[in-house]
Each structure stands twice: as C-alpha cells, then as structure tokens.
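To find a chain, count down the sequence lines: A is the first, B the second, and so on, and within it residues start at 1. In what follows, every heavy atom counts, from backbone to side chain, and hydrogens, waters and symmetry copies are set aside.
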Protein chains: 2
Amino acid sequence: MLTQSLNTKAINTPISGSKVAVSIDPVADRLGAITGHAGLVVTEFSYRKDEEIYGEDEPAEYVYQVVTGAVRSYKLLSDGRRQIGAFHLPGDVFGLESGASHRLAAEAIIDTTVRLVKRASLEKASGTDVQVARKLWTMTASELRHAENHMLLLGRKTAMERVATFLLEMDRRLAVAGMMALPMCRRDIGDYLGLTLETVSRALSQLQAQGILGFSGARQIVLRNRQRLHNLDA
Amino acid sequence: MLTQSLNTKAINTPISGSKVAVSIDPVADRLGAITGHAGLVVTEFSYRKDEEIYGEDEPAEYVYQVVTGAVRSYKLLSDGRRQIGAFHLPGDVFGLESGASHRLAAEAIIDTTVRLVKRASLEKASGTDVQVARKLWTMTASELRHAENHMLLLGRKTAMERVATFLLEMDRRLAVAGMMALPMCRRDIGDYLGLTLETVSRALSQLQAQGILGFSGARQIVLRNRQRLHNLDA
DNA sequence: CGAGACATTGATGTCTGTCAAGCTGTGTGG
DNA sequence: CCACACAGCTTGACAGACATCAATGTCTCG
C-alpha cells in the first residue's frame, strides 16, 4: 500500500474490471452526451455493497455514472458523524470535480456497476469542444441546485417534512409501477436527512398508520397519497 | 407594475444606477477574469439595506459581484421559515445560474454596491472563449463546495460547532486587523446556521465568557483564540 | 437625547436524540 | 425445504439540546 502512489492508484478493489471500451446508449444518457462527441474511452467497473469508490480528498481521477445499483456521497466529522449529500441512482453522474480532489467520499450502497471516464480526458475535451464544457458546467450546476434545496431541508424542515421530501424525491427518481424499492437502509436515510434512523422509522410508521403509504418489506414502499405527502412537506 | 414584463424588468429599485461601463481591476478580480477577456459591458448598481436584488425563481438576467456591502442568498418555506445559503461579501460573485432562473432570492444586508453583467453576454462569450466557459464552471463548483460543507454543518453539527464554524469563516473572509465587523444581524446568522437568533446569541455569549472572543458592540468581534475555536468546531 | 431596532438573558416547553428491548425478514446451511 | 442466525427495523421510555415565549438591556441613528 505504501508503495502505491496516489497518482497511479488503482480503482478501488473492484469485483470485476472490464477495461474494454463500451458503447454508450445515446438516448437520455448524460455521460453519453459528453463522450459521444469526444470519443473518450469509457470503462465499466463494479463495486460490492459498502465498498468505497473513492475517499474524501482523494485525487479526482475519474468521473462516474451509475449503470446499475446505488451510491452514497458523504462527508464525515472526526467523531464519525456522517452527512450524506446525495444518493446516486442509475443514470446519475457523480464524482465530477472542477478541482483536483473529491470533496465527498463515495460508497456503493448495494452491488453497483458504473461507467467511468478519466477526468483528464474530459478536461481536455472541454478545451476544444464547447458543448462538453457547457455540459460539465450544467451538471455541476444541477448538483448545486440539489444541494441548495437540501440545505433548506436540513436547516429548516421538521423530521416529518424531511421524510416526506425524501419519499417524494425517491418516488420521482426510482418508482416503477407505482412502487419504489429503496436501496438504502434507515441509517443512510437518516444521515441524508440529518436525523437518526429511529426518527426516520417513526415517521415512516406514522405515514403508514395514516394510510399515506404502504410497505411490503421495509424497503418496498407504495405511496398511496402523494397529495397528502406534499402537504406534509412544508 | 403589471405592465412591466419580466423580460424587460428593470433592476430592482436601485438607489443610483450608473449605466456607464466601468473599468475592472484585473488583479484578483473574479468577475474581471471573465470580463477582461470578452470586453463585456459591466455596470454598477446600488441597493439599500434589506432591498431585494432578485427573487427566487425570477429570470436570471444578470450576474453580480459585490463591490461594497454584503448580500444574503436564501430560500423560504411557505410559512416564512428561511434558510440563508450564503453570504456574499466584497469580491464575491453571486446570481450566476446555468439555468434560466435564480434558485435563491438575494437581498442587500446593508447598503451595497454591485457590478453586474448580462447573463446572456457571458453565455455568448463562453461559446467562443474556453477560458470564460471554464471560469463559469469553476465558480459554480466553488459554490457547490461551500454548499456541501454547509450541508454537513446543518445536518450534523451542534449549535456551538455551527457558531464556531461561522466565526472562523467570517474571520477568514472579512477580518481586518484581527477584527471583524459583521454586516448581518443575529437572525441572519441563525437563518444561515439553521438555529434561532437566541441560540446564536447564547453561543456567542458563552464564547465571550470563555475568553475565546471579545466584543466591541454586538457586531464587532475579535477572535482571541482561534485554536480553541477550531477545537469547538468538530 | 430619545426612540426603536437589535441583542441578551431567563424560564419553560418540545421535538428529536439516546438507550434499550424486541421483532422481522432475508439469506444460508443442514 | 425448513430453521436458524443476524442484520436491519420498529417501538418504547427517557433525556437533553435547542426552540419558544417573555422581559430587559443596549446601541445606533435620526
């Protein structure tokens, strides 16, 4: 480990690393919108549940896109308190930095496959292709928008409002056939919402008791009344 | 008012609007780093204390830089709860959007003078000048970095840790001769830190009692022991 | 110098955290 | 295929940090 320099650091302990360039689906593919133009090398990689993808303050060598699975980006305080800044779901790009290093760590929540491209090659492409440069900016701006909404949630919303916001966000992002399968545990949800896992659990139970949602297993949720959920969300 | 369309909307009720193009100091001037290259028209404008500069979801027609004064950017919940996302101090650029509208409102905290350029002209310049495009991205990424740190504060830090973080941030950004003159009131600080003004006041009093800081008037603060303040900040 | 906005301080309340016990359901191995 | 084991979840009792409500103090500026 000590002999491994940061610059030549291998991608963290993958299950399987296929180093072949893969073809990118051009439809509604946000990373593809960039790579399509520049013809960059795109690699696929997989991480097991709870595996670290990169650490906080690590050099930002790659930009990632979730293919399947789910990823959490987070910061830690010295005593272990954790704030998850975002969940990344299939299609989402993460790990994009304009500076030299990652400002949040990233871990696979469940077994996850990602596409990745070298940051340096994107930087290079942005120097010649204005479309690429524009895309990098809008992706960062999109993350900023999410962070600004989340600051409002963390600073000013009640526990119930936070959970309602969370459910509506997840419903929007990963509902299929009116049901959502949450990839993350209650602790992850708590660390995302600035709550404890117990408070999250109590809020969900209360929503169930009110008939606003139904469970089929703790992580399979059906929203039965989005309007009432919206009303609970300030 | 009703006859005034949004697209032709005048800049909000300035004290004085000098529409002359002004020369920009090229040294350590972040807006200048852009405008220097593109030769854009830069205007100066002034706002009085508590005057709105733009509202949430208003079309983002201009990008601003504080010359003198201070600005708060914030979001509101329907019942009036407010989260201030950032304070903008002399030199800071604010109101930069990659989308069509402002996602936070902005108000002058005290009498404030800003420089401004049309967003559209920056967009245009970024299409031909790769340096401009790069700068827009890094400025947005810099805001994102701040927001990520602030999410950690809002989600996971105690009241005392938040106030310590705030003091160190303000010390870094506006201390002159070892003293800082806060432009904002206790309520603004509370709304930035996700606390009430009373909790902020109590924390500051406690820090004074411990000799970590001294006051000369409620908004004139001297940090007497930055190390101990750092220790209080998780 | 006076008035009003702003800040401090105190008393009390409450929401969420903490600690603890038990339950569920998922995956594994006999 | 069933049963066990364990991680994850729920629920309860209690505690505590911060909010709320209220009164007083102080600085600023007109």
Nearest-Å distance for atom pair [atom1]/[atom2], residues [X] and [N]:
X        : N      : atom1 : atom2 : result
B:Ile110 : C:dC6  : CD1   : C1'   : 16 Å
A:Ile221 : D:dG8  : CD1   : C1'   : 14 Å
B:Leu232 : D:dA17 : CG    : P     : 15 Å
B:Gln220 : D:dC27 : CD    : C1'   : 12 Å
A:Gln208 : D:dC9  : CD    : P     : 14 Å
A:Asp191 : D:dC9  : CG    : P     : 12 Å
A:Leu193 : C:dC15 : CG    : C1'   : 16 Å
B:Leu195 : C:dC15 : CG    : C1'   : 15 Å

TODO: Could you verify whether a donor N or O on one side chain and an acceptor N or O on the other, from A:Asp57 and A:Ser101, lie under 3.5 Å apart?
DONE: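 Checked: A:Asp57/A:Ser101 side chains show no N/O donor-acceptor pair below 3.5 Å.
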
TODO: Ignoring hydrogens and angles, state whether a donor on the side chain of B:Glu107 or B:Tyr74 is under 3.5 Å from an acceptor on the partner side chain.
DONE: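 Indeed, the side chains of B:Glu107 and B:Tyr74 share at least one donor-acceptor pair under 3.5 Å.
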
TODO: Check DNA chain D against residues 173-190 of chain A and give the residues with a non-hydrogen atom under 4.0 Å, in numerical order.
DONE: A:Cys185, A:Arg186

Open item on the list: Give the residues of residues 153-161 of chain A touching DNA chain D, defined as any heavy atom closer than 4.0 Å, sorted by residue number.
Closed with: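 DNA chain D contact set from residues 153-161 of chain A: none.
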
TODO: Just say parallel, tilted or perpendicular for the rings of A:His102 and A:Tyr64, cut-offs at 30° and 60°.
DONE: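 Answer is tilted, since the angle falls between 30° and 60°.
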
Open item on the list: Can you tell me how the ring of A:Phe87 sits relative to the ring of A:Tyr192, calling it parallel under 30°, perpendicular over 60° and tilted otherwise?
Closed with: tilted

side-chain hydrogen bond (donor to acceptor under 3.5 Å, both in side chains) against [X], all qualifying residues, sequence neighbours excluded:
X        : value
A:Ser201 : none
B:Arg202 : none
B:Arg228 : none
B:Gln210 : none

TODO: Using heavy atoms to find the nearest nucleotide of DNA chain C for B:Val200 and A:Ser216 separately, return the residue whose nucleotide is more 5′.
DONE: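 So the residue in question is B:Val200.
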
Task: Sugar-phosphate only, base, or nothing, as touched by A:Leu197 at under 4.0 Å among non-hydrogen atoms - done: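 Base, at least one base heavy atom under 4.0 Å.
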
TODO: List in chain and number order the residues that pass ring-ring contact (aromatic ring centres under 6.0 Å, His included) with B:His146, two or more places apart in sequence or in another chain; answer none if no residue qualifies.
DONE: B:His150

TODO: For the pair A:Gln83 and A:Leu154, evaluate side chain to side chain contact (heavy atoms under 4.5 Å, CB included) and give the outcome as yes or no after the intermediate values.
DONE: CA-CA 10 Å; A:Gln83 179 61 46; A:Leu154 293 170; 3.8 Å; yes

Open item on the list: So if I take residues 66-87 of chain B and measure heavy-atom distances to DNA chain C, which residues fall below 4.0 Å?
Closed with: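 None - not one residue of the stretch has a heavy atom sitting under 4.0 Å from the strand.
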
Each nucleotide N or O in nucleotides 18-24 of chain C that has a protein N or O under 3.5 Å away: list the pair and distance.
{"unit_1": "C:dT18", "atom_1": "O4", "unit_2": "A:Arg202", "atom_2": "NH2", "d": "2.8"}
{"unit_1": "C:dC19", "atom_1": "N4", "unit_2": "A:Glu198", "atom_2": "OE2", "d": "3.1"}

Open item on the list: Distance check, rounded to the nearest 0.5 Å: B:Ile212 atom CD1 versus B:Arg226 atom CZ?
Closed with: 12.5 Å

Open item on the list: Checking the side chain of A:Arg156 only, and the main-chain atoms of B:Leu195 only, is there a donor and an acceptor separated by less than 3.5 Å?
Closed with: yes

Open item on the list: Looking at B:Ile110, is its backbone amide N or carbonyl O close enough to the side chain of B:Thr112 to form a donor-acceptor pair, meaning the two atoms are under 3.5 Å apart?
Closed with: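 Yes, B:Thr112 side chain to B:Ile110 backbone: donor-acceptor pair under 3.5 Å.
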
Open item on the list: Once salt bridge (charged side-chain N to carboxylate O under 4.0 Å, His left out) is applied, what residue pairs with a partner in residues 173-189 of chain A remain, sequence neighbours excluded?
Closed with: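 The answer is A:Arg72-A:Asp188, A:Arg82-A:Asp188, A:Asp92-A:Arg173, A:Glu169-A:Arg173.
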
TODO: Using a cut-off of strictly less than 4.0 Å, decide whether B:Arg162 has a side-chain nitrogen or oxygen near OP1 or OP2 of D:dC18.
DONE: no

Task: Beyond-backbone contact of A:Leu207 with A:Leu167, side-chain heavy atoms, under 4.5 angstrom - done: yes

Task: Test item: A:Arg119 and A:Leu96 side chains (from C-beta on) under 4.5 Å apart, heavy atoms - done: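 A side-chain contact is absent here, since even the closest heavy-atom pair is not under 4.5 Å.
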
Open item on the list: Let me check the geometry of the helix from C:dC1-D:dG30 to C:dG30-D:dC1. What is the bend angle between the axes at its two ends, five pairs each, to 10°?
Closed with: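 Nearest ten degrees gives 40° for this helix.
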
Show each protein N/O and nucleotides 4-7 of chain D N/O combination with a separation under 3.5 Å, one pair to a line.
none

Open item on the list: So that I can tick it off, tell me whether B:Glu148 and A:Lys75 are bridged by a salt bridge, with the cut-off set at under 4.0 angstrom between side-chain N and carboxylate O.
Closed with: no

